[in-house]
Amino acid sequence: MVLIAPSILSANFLHLEQEIKAIVEAGADFIHIDVMDGHFVPNLTMGPVIIEAIKRVTSVPLDVHLMINNPSCYLESYVESGADLLTIHVESSIHLERDLALIRSRGAKAGVALNPSTHERVLDYVINEVDLVLVMSVNPGFSGQTFLPSAVKKIAQIKGMLKAAHNTKCIISVDGGINEGTAASCVKAGATCLVSGSY
């Protein structure tokens, strides 16, 4: 079964509660929340206050994706605000293993995101510490970008790495440019969760 995680980055924030209810009624498995700081990526979005508000209106798990510098400074506040799954970028985490352990110790599941140009082998030392690997199939920052085909090979490689490490519960998620065509190739390669916003 493939999980679906609609991104609220494309939501009408004037009517956020109604937008959340609509995707829940449509069968969303997760609600994907993109947090951007204007430094790690060239866009600025939302923080813990918005996540806290969303948590009050739904029981669907919140999949919070931190695209920020120095994530270790903010992990506890995002878990406390309601993140059920908290994903950090390997490119911005100085102490990745420690950050993942902290997320899990606070009761959330821990994810690692990889930018398109980041090699999957960076996961070697944390492959048994991750509950989710998020493959970015666009350069993060803005919704509506075109899917980068190189992501398909990366998904397949990560699937093999997880299998070799006997980490059978880890979700392989893919985010960026997902539509009817790209979704099929991602799932065939081993993706078990699809994030989509503009589509």
Side-chain angles (χ1 to χ4, degrees), residues 1-38 40-68 74 77-89 103 107-113 131-148 151 155 169-199:
M1 183 180 99
V2 178
L3 302 167
I4 303 297
S7 170
I8 64 164
L9 190 59
S10 299
N12 179 342
F13 276 77
L14 192 61
H15 304 286
L16 187 56
E17 184 173 358
Q18 293 96 314
E19 300 267 275
I20 295 293
K21 288 179 178 176
I23 60 174
V24 169
E25 287 173 15
D29 297 292
F30 296 114
I31 295 170
H32 188 84
I33 302 172
D34 290 305
V35 176
M36 306 181 197
D37 64 0
F40 182 69
V41 292
N43 198 358
L44 190 63
T45 57
M46 64 207 82
V49 173
I50 300 293
I51 294 165
E52 207 171 292
I54 293 169
K55 192 70 175 178
R56 289 197 295 267
V57 298
T58 185
S59 60
V60 172
L62 303 186
D63 170 21
V64 178
H65 175 197
L66 298 184
M67 288 173 269
I68 64 174
Y74 307 99
S77 64
Y78 278 100
V79 173
E80 287 169 10
S81 70
D84 296 287
L85 203 155
L86 189 59
T87 298
I88 57 178
H89 271 262
I103 293 167
K109 291 188 176 180
V112 174
D131 300 299
L132 178 144
V133 176
L134 178 59
V135 176
M136 294 304 300
S137 44
V138 298
N139 286 295
F142 295 96
S143 186
Q145 296 182 64
T146 302
F147 181 85
L148 296 171
I155 292 164
K169 294 184 179 179
C170 183
I171 296 166
I172 302 175
S173 188
V174 59
D175 183 0
I178 297 298
N179 56 39
E180 192 174 344
T182 59
S185 59
C186 290
V187 170
K188 187 177 179 182
T192 53
C193 182
L194 301 172
V195 177
S196 188
S198 57
Y199 179 72

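In this chain, numbering begins with 1 at the start of the sequence shown.
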Mind checking the CG-CG spacing from Asp34 to Asn43? Nearest 0.5 Å is all I need. 9.5 Å
Closer than 4.0 angstrom, basic N to acidic O: yes or no for Asp84 and Lys55? yes
Distance col, row Glu52:CD vs Ser77:OG, nearest 0.5 angstrom, shows 10.0 Å
Would Ile178 and Val195 count as a side-chain contact (heavy atoms from CB on, under 4.5 Å) here? Give the steps. CA-CA 7 Å; Ile178 297 298; Val195 177; 5.8 Å; no
With heavy-atom distances below 4.5 Å as the criterion, would you say the side chains of His65 and Met136 are in contact? yes
Check: Ala151 main-chain N/O paired with Ser137 side-chain donor or acceptor under 3.5 Å: no
If I compare all heavy atoms of Tyr78 with all of Gly47, which pair ends up nearest, and what's the gap? OH-CA, 3.6 Å
Can you give me every donor-acceptor pair (side chain of residues 15-27, partner residue at least two apart or in another chain, under 3.5 Å) with its distance?
from	atom 1	to	atom 2	distance (Å)
Glu17	OE2	Lys21	NZ	3.1
Glu19	OE1	Asn12	N	2.8

Quick check for you: to the nearest 0.5 Å, what is the distance between Thr58 atom OG1 and Ile31 atom CD1? 4.0 Å
Working to the nearest 0.5 angstrom, can you tell me the gap between Leu66 CG and Asp37 CG? 9.5 Å
Roughly how far, to the nearest 0.5 Å, is CG of Leu134 from CD1 of Ile172? 11.5 Å
Quick check on Phe40: does its CZ atom have over 12 non-hydrogen neighbours (other residues, nucleotides or ligands) under 6.0 Å away? yes
Result for side-chain contact (heavy atoms from CB on, under 4.5 Å) between Ile33 and one of Ile54, Asp63, Leu86 points to Ile54
Give a yes or no answer on whether the side chain of Thr192 reaches the backbone of Ile171 with a donor-acceptor pair at less than 3.5 Å. no
